[in-house]
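Beneath this line is the structure, given in structure tokens, with notes to follow.
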Amino acid sequence: MSPRTGEGPRPPVITVSAHSPNQRLGGELPGLILSALLAGNQPLTWQDSSAETAYKELITHTMPSAEDDETEMGTVVLKFKTAGQADKGPFSKWNMTALGENADNEYFVLSALESRRAFAALVTDYGDRSQAGSWNHPESWAKALDKIRDVTIFGVEDRFDASLSDLAFETVEPIDVVLWPTSLLATAAANRVAAQRLGELRELVDTAAIADDGITILDEDPRPDTLLMRVNATRGLLDELLRHPYVERIRGPLTPYLSPNHLLADGKRFDPLPADGAAIGVIDDTVLTANPWMRNVLRASASFPADYAFA
């Protein structure tokens, strides 16, 4: 985020009356959307140095004034909550890129600053529809706006997976950076945009690695449906990635959980191993001799000291 430094004309300051003339939405929609679209972001800091508390991004719903420098958020992801299933078509007409949706009728779109300004003006026109000549847009847009019940910024707390709380970040930690899929696009475009988004994150990681050689990219999945980058990251790099609009989720690496019960479970899938070859001596602690995989293979075992009770 950076303050405006150009000398060009500022966008008009949009004000919203307490009650919209459109009674179908109870006058709430324009205010909800404008407060979300034109909100300013305060700096993000870790709330707990041990990383046991999730990030919370502080959003202030303050309208910019003509006297103050406007805070530009640049490209962000907006989350639209709708009443029932919505048509994603208008998003592209509003110069926004649909990223995905879920079963709760929430739609996630990539939006640039100019597209949000234009959309805020569109919503103002929508709120004034009862005035003659105030609506000069396609009726399909009005129907799309009819369904919107809330608009919020998809922020750090949305990208922060609870598994990150288990990582201390004393140096670097491996994390999985899940990017928004590009599979909603046509095949050729999906692959091209996927590569472009991975490339941008790769540049971010490479830049951070200049200051800390422990930072490195461990692996990537370039497929449009499953875009992912596994990174050895510092807490500072994690902070940057959690704010990046191309990132949907960041989690600790997925690891299989194997309990003693799994090892002791018997069944037809455990076929005895052939006791062939030279004998091998193993020194270990807490060996599960009842493990079915040990059957017909473990010839003998002993504990040292013999009278010690191992947990």
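Residue numbers start at 1 and run along the sequence shown.
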**OP:** Establish, for the pair Arg235 and Phe169, whether the NZ or CZ atom is under 6.0 angstrom from the six-membered ring centre and no further than 45 degrees off its axis.
**Re:** no
Holding to side chain to side chain contact (heavy atoms under 4.5 Å, CB included), I want the full list of residues that pass it with [X], two or more places apart in sequence or in another chain.
{"X": "Ala195", "answer": "none"}
{"X": "Ser140", "answer": "Pro138"}
{"X": "Asp104", "answer": "Lys81, Asn102, Glu106"}

Atom pair [atom1] ([X]) and [atom2] ([Y]), whose distance is rounded to the nearest 0.5 Å:
{"X": "Phe80", "Y": "Thr152", "atom1": "CZ", "atom2": "OG1", "answer": "9.5 Å"}
{"X": "Asp150", "Y": "Asn105", "atom1": "CG", "atom2": "CG", "answer": "13.0 Å"}
{"X": "Leu201", "Y": "Gln196", "atom1": "CG", "atom2": "CD", "answer": "9.5 Å"}
{"X": "Phe91", "Y": "Leu78", "atom1": "CZ", "atom2": "CG", "answer": "9.0 Å"}
{"X": "Ile250", "Y": "Asp161", "atom1": "CD1", "atom2": "CG", "answer": "10.0 Å"}
{"X": "Ile175", "Y": "Thr234", "atom1": "CD1", "atom2": "OG1", "answer": "8.5 Å"}

**OP:** Check which hydrophobic residues are tied to Leu185 through side-chain heavy-atom contacts below 4.5 Å, counting indirect links as well, and list them.
**Re:** Val193
Original post:
Under a single-linkage rule joining Ile, Leu, Val, Met, Phe, Trp and Tyr whose side-chain heavy atoms are separated by less than 4.5 Å, which residues share a cluster with Leu184?
Top reply: none
Original post:
Is the closest basic N to carboxylate O distance between Arg117 and Glu114 below 4.0 Å?
Top reply: yes
Subject >> NZ/NE/NH1/NH2 to OD/OE distance under 4.0 Å, Asp225 and Arg223 >> reply: no
Subject >> Single-linkage hydrophobic cluster, 4.5 Å side-chain cutoff, Val178 and Leu237 together >> reply: no
Are the side chains of [X] and [Y] in touch, meaning some heavy atoms are under 4.5 Å apart?
{"X": "Lys143", "Y": "Pro90", "value": "no"}
{"X": "Leu122", "Y": "Trp135", "value": "yes"}
{"X": "Arg159", "Y": "His244", "value": "no"}
{"X": "Pro245", "Y": "Leu110", "value": "yes"}
{"X": "Ile217", "Y": "Arg202", "value": "yes"}
{"X": "Pro253", "Y": "Pro174", "value": "yes"}
{"X": "Val77", "Y": "Ser111", "value": "no"}
{"X": "Lys79", "Y": "Ile153", "value": "no"}

Run the side-chain donor-acceptor check on residues 203-214: report pairs under 3.5 Å with partners two or more places apart or on a different chain.
residue	atom	partner	partner atom	Å
Thr207	OG1	Glu203	O	2.8
Asp212	OD1	Gly214	N	2.8

**OP:** Using atom types as modelled and distance alone, determine if a side-chain donor or acceptor of Arg243 lies under 3.5 Å from a backbone N or O of Gly155.
**Re:** no
Original post:
Hey, does the side chain of Thr216 reach the backbone of Leu218 with a donor-acceptor pair shorter than 3.5 angstrom?
Top reply: no
Original post:
Given the rule in the side-chain contact (heavy atoms from CB on, under 4.5 Å) test, do Met229 and Leu198 qualify, once you have shown the distances and angles that lead to the verdict?
Top reply: CA-CA 8 Å; Met229 178 182 289; Leu198 270 177; 3.9 Å; yes
Subject >> Contacts of Phe108 that satisfy ring-ring contact (aromatic ring centres under 6.0 Å, His included) - sequence neighbours left out >> reply: Phe154, Trp180
Distance-minimising heavy-atom pair for [X] and [Y]:
{"X": "Pro222", "Y": "Ala194", "value": "O-CB, 3.9 Å"}
{"X": "Pro181", "Y": "Arg197", "value": "O-NH1, 4.0 Å"}
{"X": "Ala86", "Y": "Tyr107", "value": "N-OH, 2.8 Å"}

Name all residues meeting the side-chain hydrogen bond (donor to acceptor under 3.5 Å, both in side chains) criterion together with [X]; count only those two or more places apart in sequence or in a different chain, and write none if there are none.
{"X": "Asp125", "result": "His137"}
{"X": "Arg230", "result": "Asp176"}
{"X": "Glu170", "result": "none"}
{"X": "Arg192", "result": "none"}

Original post:
With a cut-off of 6.0 Å (strictly less than), are more than 12 heavy atoms of other residues, nucleotides or ligands near CD of Gln85?
Top reply: no
Output side-chain donor-acceptor pairs under 3.5 Å for residues 92-101, partner residues at least two apart or in another chain, one line each.
residue	atom	partner	partner atom	Å
Ser92	OG	Gly89	O	2.8
Glu101	OE2	Lys88	NZ	2.8

**OP:** Output, in order, the C-alpha distance, side-chain angles, deciding distance and verdict of side-chain contact (heavy atoms from CB on, under 4.5 Å) for Leu227 and Asp221.
**Re:** CA-CA 5 Å; Leu227 271 178; Asp221 184 345; over 6 Å; no
**OP:** Step by step, work out the side-chain contact (heavy atoms from CB on, under 4.5 Å) result for Val177 and Leu228.
**Re:** CA-CA 6 Å; Val177 182; Leu228 182 141; over 6 Å; no
